[in-house]
Structures are given as structure tokens and as C-alpha cells.
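Note that the coordinates shown come from a computational prediction; the quantities given were computed from them, not determined experimentally.
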Amino acid sequence: MAEEITQPVDAMEQPIAENEQVKALLALLKEHNAAGYEDFAQLIESVTTMESRLSAALGELEAMREDLLKMQDHSLKASLQKTCKALEANVTSMQQKLSELKGRIVEGCKHILADFKERGVAALNGITHFLHLKPALETIYQGAENHQQASNRAMAKIDAFVSEYHEAGKHLKNMRLALMGKEPVQEAKTGGEIAQYVKAPYRASRACMGTVKKSAEKALDMLERLEQSAERRPSVLKAMREQAAKVEPAKKQPAPSRDKDSR
């Protein structure tokens, strides 16, 4: 029998792979060679990747804000600090969504471990309970996609602005050259160092959200495989439905109708 595990108060703050409930369930699944072990282990790995990437991105953006304090151009510095703060807020929002997902995973582990005490190995079929993680994972996937596209649009605007700026500069320079009887320049300057500096926070955010999106997609694939496995095994599908009934609020049942044959 599995020993009772006390859930830490800060469980959602710790890495999901270090959570005692998760480790206990993984150990049981592996010990009993239960169906779904590999898929569940990969799901936890995907969540771990999202955790570490979001944390790293937050650190990168905070470091950028620290570096901005050294800038002499106050207007550009203020604009870039505002950008970094906005992107940090996006990352924090994704961390909150991920925290909700982790909470559901831990809660599912607790239900299965408790059921294991009562029914033994048969309770491990309750791994299909994690099919209910799909909406939360889809929210994370879509959120990462939206933030990634927003960063792409912002960088495209920066490139367009810099291109127009240098093109205008080229025309002014050619006017001066023409007045002096010299040949005009044919090409405008490229974006340059400042443009790359301005785009740096967006590049960091885009890379982060790309990793999160891929990890969420992989986790969704693991859930689909668990679902397909449940469909092939009716007893597992039944266990899944029973598990869902335990954790979902009971719906209000309509009062039975009375017909002429009622007694």
C-alpha cells in the first residue's frame, strides 16, 4: 500500500516533477507496469519544460530591464522598460495558467492514490482522469500562440519604422549631395544596432512562447494517446467515467414526471 502523502502548502510553486503526489503516482504506475505510464511521464516532462522556460524568460526580461538603467537616452530607456514590463506580465500570466494546470494534475494524482488504497492496482486505470486536463492545456497553447504572434507583429512594426526612417534619411542626404553636385547614394542604411536592441525583448518573449506552445502540443498528444487507449479498453473507459463522476460537481436532476400509470 502507498503511504499517505501530505500536500505541501506551496505545492504549485515547486516544480511539478518534485511534487510528492506526482512522484508517488509515477512510481506506482512504473512498479505495476500500468498502461499510461510512459504517456503520463512525458506529460509531466512537457509541463516541466514549460515551467523552466517561463522562469528563464522572466529572468531574461528582468536582466534586460537592469541593463536599461545604464542607457543615456532617457526616452528610449523609458519605452524599452515599458516594453519589458508588458512582456513580463505576459510571462507571469502564462505562469498562472500553468499553475492552474499543475493544480489539476496534483489533484488527479491525489484521487488516484486514494483510490489505490481502496481498490489496489485496478485504481491505476484512473490515469485516464487526466484527460480532463485538455481544456487547460489548450488555453496554455492558445495563449502562447497569441503572445508569439504579438511579438512578431511588434518586431515587424519596428523593422518597418526603421526602414522608413533610414529611407527618409537617404532622401535628405541625396538632396544635399545634389546641391553639391555629387552622386546620390542608392541604398538606405540598415536597421542597425538600436533596432536590434529594441527588438531584443520581443525576441526573448517569442522564443519562450514558442517552446511553451510546442510543449503544450506534446502534452495534448499524450492525452490523446491516453484517450485512444481508453477507447480500446472498455473497462478503462468505464473507470475514467467513474473517476470523472467523483470529481465533478453533481448536477441537479430534474424531478421525475408522473404519468397516468404512476401509483
Chemist: Any side-chain heavy-atom pair from V212 and L98 closer than 4.5 angstrom?
Modeler: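 No - every pair of side-chain heavy atoms lies 4.5 Å or more apart.
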Chemist: M94 vs M50, test: side-chain contact (heavy atoms from CB on, under 4.5 Å). Steps then yes/no.
Modeler: CA-CA 9 Å; M94 292 299 292; M50 287 189 273; over 6 Å; no
Chemist: With a 4.5 Å cut-off on side-chain heavy atoms, are L113 and E20 touching?
Modeler: no
Chemist: Within the 4.5 Å heavy-atom criterion, are V47 and S215 side-chain neighbours or not?
Modeler: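 No. Closest side-chain heavy atoms not under 4.5 Å.
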Chemist: I'd like to check V91 versus M209 (side-chain heavy atoms, cut-off strictly below 4.5 Å). Are they in contact?
Modeler: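 The answer is yes; the side chains approach within 4.5 Å.
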Chemist: Between A200 and M64, what is the shortest heavy-atom contact and its length?
Modeler: O-CE, 3.7 Å
Chemist: Working to the nearest 0.5 Å, report the span between CD of Q95 and CD of E51.
Modeler: 9.5 Å
Chemist: Which atom pair, heavy atoms only, marks the closest approach of F40 to C109?
Modeler: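 So the two residues come closest at CZ-SG, 3.9 Å.
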Chemist: Given 3.5 Å as the limit, does a donor-acceptor pair link the side chain of K102 with the main chain of Q14, or not?
Modeler: yes
Chemist: At their closest point, which heavy atom of R65 faces which heavy atom of C84, and how far apart are they?
Modeler: CG-CB, 3.3 Å
Chemist: How long is the span from the CZ atom in R119 to the CD1 atom in I112, to the nearest 0.5 Å?
Modeler: 10.0 Å
Chemist: Nearest heavy-atom pair of A204 and E60: which atoms, and what distance?
Modeler: CB-OE1, 3.5 Å
Chemist: Quick check: does any side chain N or O of T48 sit under 3.5 Å from a backbone N or O of I44, one acting as donor and the other as acceptor?
Modeler: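 Yes; at least one donor-acceptor contact below 3.5 Å.
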Chemist: Distance check, rounded to the nearest 0.5 Å: I140 atom CD1 versus K97 atom NZ?
Modeler: 8.5 Å
Chemist: To the closest 0.5 Å, what do you measure between CD (Q42) and OG1 (T49)?
Modeler: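 Output value for this atom pair is 11.0 Å.
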Chemist: Answer whether the closest heavy-atom distance between the side chains of F116 and L25 falls below 4.5 Å.
Modeler: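 Side-chain contact under 4.5 Å: no.
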Chemist: When you check the side-chain N and O atoms of Q148 and N152, is any donor under 3.5 Å from an acceptor?
Modeler: no
Chemist: Of R206, K213, K214, which is the lone residue that meets salt bridge (charged side-chain N to carboxylate O under 4.0 Å, His left out) with E145?
Modeler: K213
Chemist: What's the spacing between S55 OG and R53 CZ if we round to 0.5 Å?
Modeler: 10.0 Å
Chemist: Assess whether a salt bridge exists between R225 and E38, defined as any Lys/Arg side-chain N lying under 4.0 Å from an Asp/Glu carboxylate O.
Modeler: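 Result for this pair is no, no salt bridge flagged.
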Chemist: Check A136 against L101 and note the closest heavy-atom contact, atom names and distance.
Modeler: CB-CD1, 3.9 Å
Chemist: Would you kindly say whether Q96 and E100 are connected by a side-chain donor-acceptor distance under 3.5 Å?
Modeler: no
Chemist: What distance do L137 atom CG and M222 atom CE have between them, rounded to the nearest 0.5 Å?
Modeler: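 Taking CG in L137 and CE in M222, the distance rounds to 11.5 Å.
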Chemist: Same cluster or not: are Y141 and I105 linked, directly or through other Ile, Leu, Val, Met, Phe, Trp or Tyr residues, by side-chain heavy atoms under 4.5 angstrom apart?
Modeler: no
Chemist: Compare every heavy atom of T83 with every heavy atom of P201, then report the nearest pair and how far apart it is.
Modeler: CB-CG2, 4.2 Å
